[in-house]
Structure formats: C-alpha cells, structure tokens
*Asks:* 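Got a structure for you, written out below as structure tokens; questions coming shortly.
Note: hydrogens, waters and symmetry copies are ignored here, and every other heavy atom, side chains too, is used. By convention here, the first residue in the shown sequence is residue 1. Both counts, for ligands and for their atoms, begin at 1 and track the order of listing.
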Amino acid sequence: MNMMSNVRKKLVVVGNGMAGIRTVEEILQRAPGMYDITVFGAEPQPNYDRIMLSPLLAGDKSFEQIVLNSLEWYQTNNITLITGEAVQDVNRHGHTVTGEHGSVRPYDILLLATGSNPFVLPLPGATRPGVMTFRSVADVEQMLSIAAPGKNAVVIGGGLLGLEAAHGLNLRGMNVSIVHLMPTLMERQLDASAAHLLERKLTARGMTIYTSANTESFDGEGDNGHVQSVTLKDGQCIEADLVVMAVGIRPNAMLAKSCGLATDRGVLVDDAMRTSDPDIFAIGECIEHNKQCFGLVAPIWDMAKVAADHICGVAQTAFSPVASGTRLKVSGIEMFSAGAFMGDKSTEDVVLRDAARGVYKRLVLREDKLVGVVCFGDARDAGWYFELLKNGDSLGALRDTMIFGPAIALGDPDEALAAMADSAEICGCNGVKKSAICDAITEHGLKTIDDVRTRTKASASCGSCTGLVEGLLKLSLGSDYKADAVKPLCKCTHHGHDEVRRRIQNAPLKTIPAVMQALEWSTPNGCASCRPALNFYLLAAWPGEYVDDAQSRFVNERMHANIQKDGTYSVVPRMWGGTTSARELRAIADVVDKFNIPAVKVTGGQRIDMLGVKKEDLRAVWQDLNAAGLVSGHAYGKALRTVKTCVGSEWCRFGVQDSTAMGVALEKTTWGSWHPHKVKLAVSGCPRNCAEATIKDFGVVATEAGWDLHVGGNGGIKVRATELLCKVTTAQEVMEYACAFLQLYRMEARYLERTAPWIERVGLKYVQERIVDNAELRKSLFADFLDAQKFAQTDPWAEEASDKALGRKFNAMAVLV
Ligand SMILES: Cc1cc2nc3c(=O)[nH]c(=O)nc-3n(C[C@H](O)[C@H](O)[C@H](O)COP(=O)(O)OP(=O)(O)OC[C@H]3O[C@@H](n4cnc5c(N)ncnc54)[C@H](O)[C@@H]3O)c2cc1C
Ligand code: SF4
C-alpha cells in the first residue's frame, strides 16, 4: 500500500468569517477529504452571519440564531478551528503561519479571508470610551453595554451600516441622531427622492437627522473620559452616551502586505482568486480584483466557488463580478437600486410616487432601454426590472406600463418570474440563484417558504426576497401550491402559521391585538381557530412576559378537565412516571366516595381517571386531591401529558437502567409545558420496551450502553412508530436531549400539529441537525426550555385556590443527580 497516497495536503484558512467558511464549504462539496483544514479566526465565535448583526443589535435575534456554522460542524468535517487567535505572520518560504498566541501551522495552500476593517475618523476624541464601530459581535456587545432607554446615541454615517445601527439603537429606546456628510442619506444606493422618503420615515420613528454635516470632535471630560457629546464643524453640539462610527470599510490587507504579497487597496488577486504567490489565495472583502473592492456578500459567493474550483483543481473557472443590484432592507424598509440610477443628460426618467404608502419607483431609460432603477418602500418587482436592465432589450410597448410592475405590464406577475434567467440571483444575502431554489423544490418536494428557507437558505436572512421565493414555489408547484404551500392559519388571515410565528418573533409582537393589527387580520377579534393558536405562539415566544388569555383556550383547558359526552368531567391527577402511593390512592378513593364519582379507570398512560365528575364538584374534588399532594395531570391540554415507565432495573430481572427514576425525573422537569398539541413520553428499562416508548412523541429505551432516544411516535388512528434520534450514555444527556427536542417542537411546529406529522414535514435529519449535531444549539434550547418552565403552568386548581401561583413544586434536576 502506498502510504504517501494517504497524506493529505494542508489547507490553512486565515479568517473565520463569511468568505473563508463559504469557500471551505465549497471545497468540501468538491473534494471532501482532499485537505487537512485548519481555520484561524481572530474573533472568539464560530462563523456567524455578519449581516444579522443588525437584528442582533435590535434584539430581534439571539447570537445562536445567527450562527452559520456551529462548532459541531467544524468537528464533523474534521476542521481544526483556532478561534480568538489572529495570524500575525506568514512564512512563505517555510510554508507556515504563526498566530498571535504562538500556534504554528504548516500549509500547502493558504487562503486569506481577513475581511475588512471599519474606518475610524481620525478626529479628536475618536479613541474615547463610548466611541465605537459596527463590525462584529464584540461591537454589538459593547453597544448594548451602554444602550438604555432615554440615553443618547449618535451615529456617524447615513449609509447602510449607519442606518442599521441607528435602527437597532432606536429599538433599544435610545434617542438617536444620525450625522451624515452628504446632503442625502444612502446616496450611493438611492436617488434624492428616495433618500428624502427614507429621511421622513426615520424621522417619524423619532430619529434626528443631520445631513451635510461634518463632524469636528468627540468630546468628554479630560483627554480620555467617556464621550459625552459630538461637536459638528458648524458648531452644533449633540449629546452622546454612545457614538457609532459607520463611515466605510477598508480591505484588511495587513497580513498580506507584511508577508510581501502584492497589495494595493486590498490583496491583489487574479481571476482564479490567486494572489501574487501561487500557493496563496485570497477572497472576500480583503481582496482587490481589477481595481475593484467589495462590500456585499453576493460577489463573495461567486469568489468562493471559483477559489474552491482552483484549490481542488476541478475546474478552470474565472471570477468576473456580475452587475448586481443592491437589495437592502434598511430598518425594515425595502429598497433596491441598480445600474445608472442617478441618470444624466442622455437619460429620461419614469417615476411613480405614492407618498401615502411611502412607495417610490424610478426607472431610468436610455434609447428605449432600461439602464437604472430605484425602488423604495416596495421592492417586489425589483428582480423583474433587474432582468430587463441586464438583458438590455428594447422595451417597446412595455415602456408605457412597466412602472406599475409586471402584474400590470405583462398582465401576469408570475410571467416575469418565469421569464427570469435560471442564473438570476433571488436571495442576495445568501447568494441563492433561481435555479437552486427551483431544483430544491423539485428534488426535495418542498412545499412551503419555510421548507425552502431550511433547504436553501433563500429568504432566511433579511427576508426581502420572500415574495420572489413564494412566486417560485407557486410556479414550481402549480395547483399544489394553493393546496399546501401557504395554508392560512384561519379565515381571518391569509398568513400561514409559520409566517405568523416569524412575525411574532421578529417584529416583535407581544399581544393578540398587536398580532392582529400588524398582520391586518380581517376580523376584529379573531375566531375560535386563530385565538388559541396565537395564544400558544405568544406563550411560547415570550415566556414570563405574555399573560395567558383564558378566553383563547378550548373549553377543556378553560375547565382544567375533560368534558365527557354526558356533560360531566373526567379528572386525572398526575402520577409521576406512573408511580403512586397508598396515601395518594387513599385520597383518590376518598374523593370517589365523597363525590359519588361513578367510574374509575386506569388509563393507557398509567394514570387514574375519575369519570363522571359534576362541573359544580370540580373545585372541591381538586381541593381534596391537592391536600393529598396530587396535582393536575393536564390530561385535557395541549401540553405534556404523561411519562409512562416500566419498572426497570429496580425490580425487573431484564432491566439495564432505572427507567422509573428516569421517567419521574423527565416528568418533573417537563410537566406543565404548553405545546402545539398533546405530548407523551415513555421510558423502558430494556429493549423489550414494555413502556411502548416507540409510539410516543419522545421515547427512551435503555440499553447496556446507555439510552436510545426515539422521536415522533404516535398511537391513535394513524399509528406511527418512532424514528431513532440518537443514542446517548448518561441520564443527564437524556434530560438535555428530551427538553431540547420539546423546545424545538414547541418553537417550530404549527399549532395542533403533533410531533409525528411535524417530523414527517421537516424530516428527521432536520431535527437531528439541530438536536444531535449542533451541541451549542441543543444546549441553548435546553436552557430556553428550563427558563420557560419557570413560568409554566403548575397546578391550575391550586393556582385558582390561592391568589398567587404556587411556583414549581419540584426541582427535577435535583431528582436526577
Ligand atoms: C452590520 C453589517 C450589516 C451588513 N449587511 C449586509 C447586507 O445587508 N448585505 C450584504 O450583502 N452585506 C452586508 N454586510 C457585509 C457582509 O457582512 C460582508 O460583505 C461579509 O461579511 C464579508 O465577508 P468576509 O469573510 O470577507 O469578512 P468578514 O465576515 O469580516 O470575516 C473576516 C474574518 O477574518 C478575521 N480576521 C481578520 N484578520 C485575521 C487574522 N490575521 N487572523 C485570523 N482571523 C482574522 C476577522 O476577525 C473576521 O472574523 C454587512 C456587514 C455588517 C457589518
Ligand atoms: S422493558 Fe425491560 S426492564 Fe422494563 S419491564 Fe420490560 S423487560 Fe423489564
């Protein structure tokens, strides 16, 4: 055997950001195993979506939600990740790199992806505490350490970044001023009219805008005191607890320069993304290609493909930046511009202005061809205009009506989308082309916008291409689309469940009336279908904050008991893991006698059901049960019902683990949690599986080596056996995986969707990627679940008896340990 053939070449990537890791992904697709890969990142985090720093600042997303590649992803792909260590030296002769903390790594191929540095105005006071830039998670954390309602923030720079920072700080309750050097905001993306509309919108949100304003200094006490104000050249003074400088970026070519590579503004690369050293490639915002530098992700995705082709030696492709429009969603306002949108003497304009809706469109024509376009406030038709612009065809009859969009101009809005080239980019944030979306819809049978988001990442970031993605679903699925794609939540709205949940999270919306208003519900108070769903979504999204609305619950949940066909109720006390005691049994027997309860039955979930309880007796029945320490089994709720157990190793000669203790611990941790539908768990002490764990929502089966975790099972009309999620070894892991799974289910499934159809819809792999492969996400879901449990329903009858909630009665984790 030739040992040499097993020696892999070494690829070192400097820069753990969007460009570097996208290139690694492309390399893994082309030639998995070809390289031993090491990635150095100066930041301490795994690769995250830098575009999403704005929602992070605004509080719309958590850090976990913006991570693109989790630490597990690096492990799974055998990538050595060295975070928090910048490479400070490249020895081109010896083919090694050295990090600032002394890590040395040899390379055969080196990829520089060092991004760019925010420009810092060299003005007096620029280094004062409280003066910062907006580029990284650390910057956001620094801003948030100062931001507070009523405090003053000054943002220097009225471009994309500055306005995003201003929007986030505004949402944090700060008084925000924007200082912009030019006469209009975003002058590189918007013409003066659109910029004027933007200024109006931002002012209406309480921001103060200073245009044609030049900053003189950042002032505070002494030379090094915290910033207190910003002085402008015209003498105006603006109070400031926080200053964010967002005045542009510069390619970070320092490392390349220091090791003697050819640089100018950025690292010089050829069409193959190769630097002046054939063993060193460079990509992303750090590069300069044909005198051009880059500041948006769309061209970076193309660079990544080209670099990967050459690094893997699979194709001789060449990077050639394609003309692209700028599709932006600044402060939630949609905008698009492309081409020569400022116009000149040789052009004419066609303009639509709808001031009431805040919509403005400008088409710039030269000799019957579209050469520039600006859309503000509504960019749904931007893709169509961009195709017309790129194709450069004569407009002919289209000219008269095109300003109204393809719906009017072509008579059919779908026609424009159908005519769009396969290579047209739909999602600028994630670089997803039309063909990739259509192929994924066909190959994977995708039905909804969320399916497409999960599979392709299209529309998963800023969301401004959602309309186009929906259009493609419609085109690809034809009549199926209407049946399945976006099934409205109810007759009061055209929005589907997923969209409503997304908007609740992102807007954020925190009450039922707020949801109905923001999503333009057609009925003032909703209906019996949407109110319970909204109530659940709000409870799940804002635990401890949203107050449960009893009027939005089904009758059983309002009565805390199951109504029977004769109008009486059934009462089921909780029995932890199916265990009980003489004291509890005596209390139940006494209650049965005292209230003449006609029937007592042991349920399939190992509980005792008292049937035929009169409505007027319910409260007194529960008073007696509560006195004996029994609490509600929530047998009526869209909630955690039962955890069934077998006797396990304590008693059974086959048992290999203590399934009863495990089941009791699980139930004590998860009881009282609301879910989209009822949830049942079970734990069996050996693979004989006497607790029938493999037809439960979450089933645990003990083995010699630990525990097998199963998900998505269902008894009932349509029996479904579980699928194996994974195997774990410790009881703590069982708890962590179970709670994380339940949290994912309740945050993502649709109301009244049980785990079985949910998993059939999203796929087991989807769940495994989140719960098994991504430990960071799993741990954060686990923590979220436990946090939410602090506010979970305890015993509704006990709560009704005393004015204040009793709080959690059991510390389940203590039971486990
Ligand atoms: C707030 C914000 C909003 C944005 N919004 C949009 C948008 O809406 N649309 C859009 O297209 N683009 C947007 N962008 C721009 C987009 O994020 C960038 O184009 C993209 O991140 C560039 O990728 P990159 O890998 O070249 O650089 P980066 O993502 O910055 O990654 C470079 C990484 O290299 C690290 N590094 C640098 N030097 C070293 C070293 N010597 N050793 C080790 N590591 C090093 C850096 O710490 C960094 O982590 C936005 C940017 C920001 C900051
Ligand atoms: S599942 Fe195994 S341990 Fe549990 S009762 Fe059955 S045989 Fe015993």
Side-chain angles (χ1 to χ4, degrees), residues 12-23 39-57 68 82-90 97 99-100 112-118 133-140 159-165 168 244 246 249 251-256 258 266 282-287 293-301 303-304 324 326-330 427-431 461-462 464 645-660 682-693 701-703:
V12 172
V13 181
V14 183
N16 185 32
M18 298 182 77
I21 299 307
R22 180 59 86 104
T23 315
V39 178
F40 277 87
E43 294 180 79
Q45 299 87 3
N47 178 33
Y48 60 85
D49 191 342
R50 208 169 290 282
I51 298 173
M52 292 287 112
L53 285 179
S54 313
L56 187 71
L57 176 64
L68 290 173
I82 302 173
T83 54
E85 181 167 5
V87 170
Q88 62 179 18
D89 183 55
V90 176
V97 299
E100 60 183 339
L112 299 180
T114 49
S116 50
N117 292 323
T133 54
F134 185 25
R135 178 74 194 174
S136 63
V137 167
D139 292 335
V140 172
L160 161 72
L161 267 182
L163 298 188
E164 288 291 359
V244 181
I249 51 173
N252 178 2
M254 277 178 330
L255 188 64
S258 69
I283 172 159
E285 281 187 1
C286 66
I287 68 141
C293 295
F294 301 85
L296 293 171
V297 289
I300 293 177
W301 305 148
M303 293 178 204
S324 70
T326 315
R327 186 186 277 278
L328 301 165
K329 200 172 197 169
V330 176
C427 172
C429 294
N430 293 300
S461 289
C462 85
S464 55
T645 64
C646 75
V647 291
S649 59
E650 271 293 281
W651 299 98
C652 176
R653 65 203 164 93
F654 298 112
V656 289
Q657 306 280 358
D658 190 347
S659 48
T660 311
V683 188
S684 288
C686 85
R688 285 172 182 75
N689 191 15
C690 296
E692 298 163 338
V701 179
T703 64

*Asks:* Is the closest heavy-atom distance from Glu43 to ligand 1 below 4.0 Å?
*Replies:*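 Checking ligand 1 against Glu43, which is what was asked, there is a heavy-atom contact under 4.0 Å.
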
*Asks:* Purely on distance, is any nitrogen or oxygen of Met18 under 3.5 Å from one on ligand 1?
*Replies:* yes

*Asks:* In ligand 1, which numbered atoms sit nearer than 4.0 Å to a non-hydrogen atom of Gly284?
*Replies:* 26 (O)

*Asks:* Roughly how far, to the nearest 0.5 Å, is SG of Cys286 from CG of Asn117?
*Replies:* 10.5 Å

*Asks:* Begin with the C-alpha distance, continue with both residues' side-chain angles, and end with the deciding distance and a verdict on side-chain contact (heavy atoms from CB on, under 4.5 Å) for Met18 and Asn47.
*Replies:* CA-CA 7 Å; Met18 298 182 77; Asn47 178 33; 4.3 Å; yes

*Asks:* Using a 4.0 Å cut-off to any heavy atom of Gly295, which atoms of ligand 1 qualify?
*Replies:*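 Reading through ligand 1 atom by atom, the close ones are 15 (C), 19 (O).
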
*Asks:* If you count the atoms of ligand 1 from 1 in the order shown, which ones are under 4.0 Å from a heavy atom of Ala19?
*Replies:* 23 (O), 24 (P), 25 (O), 26 (O)

*Asks:* Rounded to the nearest 0.5 Å, what's the gap from CD1 on Ile300 to CZ on Arg22? Could you check?
*Replies:* 10.0 Å

*Asks:* Which of the listed options, Ile283, Leu161, Leu53, holds the heavy atom that is closest to atom 52 (C) of ligand 1?
*Replies:* Leu161

*Asks:* Nearest 0.5 Å, please: how far is CD in Glu164 from CG in Leu53?
*Replies:* 10.0 Å

*Asks:* With a cut-off of 2.8 Å, does any N, O or S atom of Cys686 fall short of it relative to atom 2 (Fe) of ligand 2?
*Replies:*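 Yes, Cys686 qualifies, because one of its backbone or side-chain N, O or S atoms lies under 2.8 Å.
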
*Asks:* Does this structure show an ion pair linking Arg135 with Glu285, if we count only N-O contacts that are shorter than 4.0 Å?
*Replies:*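 Between Glu285 and Arg135 there is a salt bridge, with a charged N closer than 4.0 Å to a carboxylate O.
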
*Asks:* Is it the side chain (CB and beyond), the backbone, both or neither of Ala113 that lies under 4.0 Å from ligand 1, heavy atoms counted?
*Replies:*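 The answer is the backbone.
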
*Asks:* Looking only at heavy atoms, is any part of Val656 under 4.0 Å from ligand 2, and if so is it the side chain, the backbone, or both, or is it neither?
*Replies:* neither

*Asks:* To the nearest 0.5 angstrom, please state how far the SG atom of Cys427 sits from the CH2 atom of Trp301.
*Replies:* 9.5 Å

*Asks:* I want to confirm something. Looking only at heavy atoms, which of Ile51, Val137, Asn47 is nearest to atom 5 (N) of ligand 1?
*Replies:*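 Shortest heavy-atom distance from atom 5 (N) of ligand 1: Ile51.
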
*Asks:* Nearest 0.5 Å please: distance from the CG atom of Asp139 over to the CG atom of Leu56.
*Replies:*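 Answer for the CG-CG pair, Asp139 versus Leu56, is 11.0 Å.
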
*Asks:* If we only count N/O pairs under 3.5 Å, is Glu85 in contact with ligand 1?
*Replies:* no

*Asks:* Which atoms of ligand 1 sit under 4.0 Å from any heavy atom of Ile300?
*Replies:*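 This gives 19 (O), 22 (C), 23 (O) as the contact atoms.
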
*Asks:* Please find the pair of heavy atoms, one from Gly685 and one from Cys646, that lie closest to each other, and give the distance.
*Replies:* N-SG, 3.0 Å

*Asks:* Starting from atom 6 (Fe) of ligand 2, locate the nearest protein heavy atom and write down its residue, its atom name and how far away it is, to 0.1 Å.
*Replies:*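 For atom 6 (Fe) of ligand 2, the nearest protein heavy atom comes out as Cys690 SG, 2.3 Å.
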
*Asks:* Does an N or O from Val297, backbone or side chain, lie closer than 3.5 Å to an N or O of ligand 1?
*Replies:* yes

*Asks:* What is the distance from atom CG of Asn16 to atom OH of Tyr48, rounded to the nearest 0.5 Å?
*Replies:* 9.5 Å

*Asks:* Would you say Arg135 and ligand 1 have an N/O pair spaced under 3.5 Å apart?
*Replies:* yes

*Asks:* Taking it one step at a time, do Ser659 and Glu650 satisfy side-chain contact (heavy atoms from CB on, under 4.5 Å)?
*Replies:* CA-CA 8 Å; Ser659 48; Glu650 271 293 281; over 6 Å; no

*Asks:* Measure from atom 10 (C) of ligand 1 to every heavy atom in Asp139, Val97, Leu296, Thr133 and give the option owning the shortest one.
*Replies:*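 Comparing heavy atoms across Asp139, Val97, Leu296, Thr133, the nearest one to atom 10 (C) of ligand 1 lies in Leu296.
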
*Asks:* Can you list the atoms of ligand 1 that are under 4.0 Å from a heavy atom of Asn252?
*Replies:*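 Heavy-atom distances to Asn252 below 4.0 Å select 37 (C), 38 (N).
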
*Asks:* Check each heavy atom of Phe134 against ligand 1 and say whether those closer than 4.0 Å belong to the side chain, the backbone, both or neither.
*Replies:* both

*Asks:* Is Leu255 in polar range of ligand 1, meaning some N or O pair under 3.5 Å apart?
*Replies:* no

*Asks:* Which of the numbered atoms in ligand 1 are below 4.0 angstrom from a heavy atom of Val14?
*Replies:* 40 (C), 41 (N), 42 (N), 43 (C)

*Asks:* Return the minimal non-hydrogen interatomic distance between Thr660 and Gly648, and the atom names on each side.
*Replies:*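 Looks like OG1-N, 4.5 Å.
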
*Asks:* List ligand 2 atoms under 4.0 Å from Cys646, heavy atoms only on the residue side.
*Replies:* 1 (S), 3 (S), 4 (Fe), 5 (S)

*Asks:* Of Ala691, Ala693, Cys652, Gly655, which has the heavy atom at the shortest distance from atom 8 (Fe) of ligand 2?
*Replies:* Cys652

*Asks:* Could you list which atoms of ligand 2 come closer than 4.0 Å to a heavy atom of Asn689?
*Replies:*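 Taking each heavy atom of Asn689 in turn, ligand 2 has 1 (S) under 4.0 Å.
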
*Asks:* What atoms in ligand 1 come closer than 4.0 Å to a heavy atom of Thr114?
*Replies:* 32 (C), 34 (O), 37 (C), 38 (N), 39 (C)

